[in-house]
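For the single chain, residues carry numbers from 1 onward in sequence order. Reckoned from all heavy atoms, side chains included, excluding hydrogens, waters and symmetry mates. Remember, it's 1-based here, ligands and their atoms both numbered in the order they're listed. Owing to the predicted nature of the structure, the values given are computational and were not obtained by experimental measurement.
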Amino acid sequence: MNRIVVAAAIIDDTSRMLLLAQRRYPPEVAGLWELPGGKVEDGESRRSALEREIAEELGTAIEAGEQVGAAVVLRPGLELVALRARLAGPPPRALDHTALCWVDAGRLRAMAAAGELVPADTAWVPDLLELLA
Ligand code: CDP
């Protein structure tokens, strides 16, 4: 069976900003920015897995919702899926990442063009720009 990695497109509806997290490891992607998340464990739904991962990595609560864009194949048997989410707890903290930042559509476009996002996540940029418009 395919394993799924879920990632959170946490959007602040008031400011129209998206939360990005800067990876600390492994070396190939250290310093690049991603939608935070992690692997879905056996018996977990995608949404509850994402809520657990965000509690662990960012020390806050989210409400996870609909899928954003298409699934990305990371390698055979491992797929990456983004879910839209909204913050439902205190400000996020970088417990597992180097840094966090909120970006608007213009900044996201610029970071994607500059190659500052992890490769897999760049597939979602058009979908994310639509959500931030
Ligand atoms: O297991 P580990 O903590 O290293 O990684 P993870 O954060 O749970 O992510 C599992 C895999 O998904 C890794 O290969 C990540 O590079 C990839 N990933 C990604 O490409 N984009 C994301 N937004 C999140 C994870």
*Asks:* Checking Glu44 now: which residues fulfil side-chain hydrogen bond (donor to acceptor under 3.5 Å, both in side chains) with it, not counting sequence neighbours?
*Replies:*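 side-chain hydrogen bond (donor to acceptor under 3.5 Å, both in side chains) list for Glu44, sorted by chain: Arg52.
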
*Asks:* Show the numbers, then the answer: is there a salt bridge (charged side-chain N to carboxylate O under 4.0 Å, His left out) between Glu57 and Arg93?
*Replies:* CA-CA 8 Å; Glu57 292 183 4; Arg93 290 176 296 145; over 6 Å; no

*Asks:* Considering only heavy atoms, which protein residues lie less than 4.0 Å from any atom of ligand 1?
*Replies:* Val5, Ala7, Arg23, Tyr25, Glu34, Leu35, Gly37, Gly38, Lys39, Leu74, Leu80, Val118, Ala120, Asp121

*Asks:* Taking only residues two or more places apart in sequence, or in another chain, which ones meet Glu28 in a side-chain hydrogen bond (donor to acceptor under 3.5 Å, both in side chains)?
*Replies:*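 side-chain hydrogen bond (donor to acceptor under 3.5 Å, both in side chains) list for Glu28, sorted by chain: empty.
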
*Asks:* Remaining members of Leu117's ILVMFWY cluster at a side-chain heavy-atom cut-off under 4.5 Å?
*Replies:* Val5, Ile11, Leu18, Leu20, Trp33, Leu35, Val68, Val72, Leu74, Leu78, Leu80, Val103, Leu108, Met111, Trp124, Val125, Leu128, Leu129, Leu131, Leu132

*Asks:* Does Val81 reach the side chain of Gln67, with side-chain heavy atoms less than 4.5 Å apart?
*Replies:*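 They are in side-chain contact.
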
*Asks:* Within the 4.5 Å heavy-atom criterion, are Val118 and Arg23 side-chain neighbours or not?
*Replies:*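 In contact.
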
